[in-house]
Amino acid sequence: MPEMLEVEVYRRAAHAALGRRIIDISAPDAWFLKGGITAAAVGDALIGREFVADRRRGKLLLLDTSDDGPTLGLRFGMTGILELDGVDAIEALQYSTHRRNPEWERFVVHFDGGGALRLRDPRRLGGVELDPDEDRLGPDAGTVGVAELRSILAGSTSPLKARLMDQAKLAGLGNLLTDETLWRAGLDPARQSRSLDSDEVALLHGEMKRTLKDLGKRGGSHLGDLQQARQRGGICPRDGAALDRRTIGGRTTYSCPVHQI
DNA sequence: ATTGTGGCCTGCCCGC
DNA sequence: TGCGGGCAGGCCACAA
């Protein structure tokens, strides 16, 4: 599903849409418009302008518009795919499909010259917003410093995994990236966040960065070393132990009882 | 404030 | 072969 790595791919794709004049908007699904906006309001805000910058914070894609226009915020939920000029920005998406049922098209920006930016989302878990409140998100996991990570974890009784996935504290990690990071770091996802000592936070920080770099290079959150074992009856690829399957932070969690402590 | 839980959305897969 | 239940998880509302 789109976690920060996939949204980063979407951002780079959307870069090719900068500087094109927006001539029309299609927003057939009112549910998909968040923050009380209407299709007409989005049209009024965007038509005649152009996108001038592409940004990402966590899993939120941000497109700034010209003439001090609003920022368009795009969320992809679990199954959202971005498509520019008829080409999907990503090749493979775990839990989603590349079929193109017309009714899955939730939001379209039409450009002068015939191109279009389309958001396709079968399960409707994503959304579109104008001027989303970016400060509701914590620092991006790709750029967070080790001291900042330490303060995010300090004092919290939440399970480590839940804290890392709390987008208000740290933006970008979803279920798969978090399981992979903690598996690599050898840390039990159920441990209280505040129980990590300074060395463990530094280790976690390093493994998180390495995981983002590796999986970014491989092309997706679902391409981790743990992923193929991330199923019922899965065996730890590192030491052969039967993986634990638990619900932590409300999410299905796989971890190794032997080396994640 | 913090933390946990349930619901929303819908396609897919498994077992009968 | 068709059908129904369970599952996937990002995000939000809500409760304690």
Side-chain angles (χ1 to χ4, degrees), chain A residues 1-10 27-37 56-62 73-82 90 92-107 119-129 132-138 140-141 151-182 189-195 215 220-222 224 226-234 243 245-255:
Chain A
M1 75 295 308
E3 302 185 29
M4 59 179 287
L5 296 178
E6 285 76 15
V7 178
E8 178 65 13
V9 171
Y10 292 168
D29 185 355
W31 161 267
F32 214 72
L33 300 177
K34 308 301 181 183
I37 56 174
R56 180 188 61 79
R57 182 146 169 183
K59 306 171 192 171
L60 177 64
L61 177 60
L62 298 155
L74 301 178
R75 295 180 188 280
F76 300 92
M78 176 178 172
T79 54
I81 291 178
L82 191 71
I90 203 159
L93 198 59
Q94 188 88 345
Y95 302 122
S96 192
T97 166
H98 276 67
R99 270 167 43 215
R100 297 193 176 195
N101 291 15
E103 66 267 27
W104 293 345
E105 206 160 78
R106 309 298 176 188
F107 189 73
L119 205 172
R120 211 169 64 235
D121 184 3
R123 296 189 198 174
R124 303 170 83 202
L125 288 165
V128 172
E129 202 174 348
D133 184 0
E134 299 173 35
D135 293 332
R136 290 180 57 193
L137 295 171
D140 189 83
S151 76
I152 287 168
L153 300 176
S156 171
T157 59
S158 287
L160 179 55
K161 176 174 178 176
R163 194 70 168 179
L164 293 175
M165 288 201 306
D166 184 343
Q167 302 298 303
K169 300 296 185 297
L170 182 68
L173 299 185
N175 203 31
L176 301 184
L177 284 178
T178 308
D179 273 9
E180 175 77 13
T181 294
L182 293 173
R191 266 178 66 177
Q192 283 198 346
S193 302
R194 65 181 182 189
S195 76
L215 272 52
S221 303
H222 62 293
L226 174 66
Q227 182 65 28
Q228 45 91 11
R230 223 179 149 282
Q231 55 183 310
R232 281 185 167 84
L243 293 176
R245 180 184 187 274
R246 295 173 285 180
T247 297
I248 300 173
R251 296 290 156 243
T252 302
T253 301
Y254 287 88
S255 63

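First the proteins, then the strands, lettered A, B, ... as listed; each starts at 1.
Between the CD1 atom of A/I81 and the P atom of B/dG11 there is a distance of 14 Å, rounded to whole Å. Residue A/R163 contributes atom CZ, which lies 7 Å from atom P of B/dT2 at whole-angstrom precision. At whole-Å resolution of the value, CE in A/M78 and P in B/dC8 are 17 Å apart. For the pair A/L176 CG and C/dG9 C1', the computed distance is 9 Å after rounding to whole Å. In this structure, the CG atom of A/D179 is 12 Å from the C1' atom of C/dG9, given to the nearest Å. Following rounding to the nearest Å, A/H222 (NE2) and C/dG10 (C1') show an atom-to-atom distance of 18 Å. Whole-Å rounding puts the A/D121 CG to B/dG11 C1' distance at 11 Å. Rounded to a whole Å, the CE atom of A/M165 is 15 Å from the P atom of C/dC12.
Side-chain proximity of A/K59 to the nucleotides B/dT3, C/dC11, B/dT10 is greatest for C/dC11. The side chain of A/R245 lies closest to C/dA8, out of C/dA8, B/dG11, C/dC11. For A/R75, taking side-chain heavy atoms from C-beta onward, the closest of the listed nucleotides C/dC12, B/dC9, B/dT3 is C/dC12. For A/R232, the listed nucleotide lying nearest its side chain is C/dC7; candidates were B/dC9, C/dC7, C/dG10. Side-chain proximity of A/S156 to the nucleotides B/dT3, C/dA8, B/dC9 is greatest for B/dT3.
Among residues two or more places apart in sequence or in another chain, the salt bridge (charged side-chain N to carboxylate O under 4.0 Å, His left out) test is passed with A/E8 by A/R11, A/R12, A/R56. Here A/R136 pairs with A/D133 under the side chain to side chain contact (heavy atoms under 4.5 Å, CB included) rule; sequence neighbours left out.
Residue A/R123 places none of its side-chain N or O atoms closer than 4.0 Å to OP1 or OP2 of C/dC7. Contact annotation: A/S158 side-chain N/O to B/dT2 OP1/OP2 distance is not under 4.0 Å. One finds a side-chain N or O of A/W104 lying less than 4.0 angstrom from the OP1 or OP2 phosphate oxygen of B/dG11. Distances shorter than 4.0 Å separate none of the side-chain N or O atoms of A/T79 from OP1 or OP2 on B/dC9.
Between A/R75 and A/K34 the shortest side-chain heavy-atom distance does not fall below 4.5 Å.
Take the nearest nucleotide of DNA chain B for A/R106 and for A/K169: the residue whose nucleotide is more 5' is A/K169. Positionally, the nearest nucleotide of DNA chain B for A/P159 lies more toward the 5' end than for the other of A/R124 and A/P159. Comparing A/L125 and A/R136 by the nucleotide of DNA chain C whose heavy atom lies nearest to each, the residue mapping closer to the 5' end is A/L125.
Residue A/G250 is classed as having no contact, given no heavy-atom separation below 4.0 Å to the nucleic acid.
In terms of polar N and O atoms assigned as donor or acceptor, the side chain of A/R251 never comes within less than 3.5 Å of the base of C/dA8 in a complementary pairing.
Just one residue in the list A/R245, A/Q231, A/R232 forms a side chain to side chain donor-acceptor pair (under 3.5 Å) with A/Y254, and that residue is A/R245.
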Exercise for the section: Would you please test A/F107 and A/F32 for ring pair (Phe, Tyr, Trp, His ring centres under 6.0 Å) and show each step? Expected result: CA-CA 8 Å; A/F107 189 73; A/F32 214 72; 7.8 Å; no
Exercise for the section: Given side chain to side chain contact (heavy atoms under 4.5 Å, CB included), test A/R230 with A/N175 step by step and report yes or no. Expected result: CA-CA 11 Å; A/R230 223 179 149 282; A/N175 203 31; 2.9 Å; yes
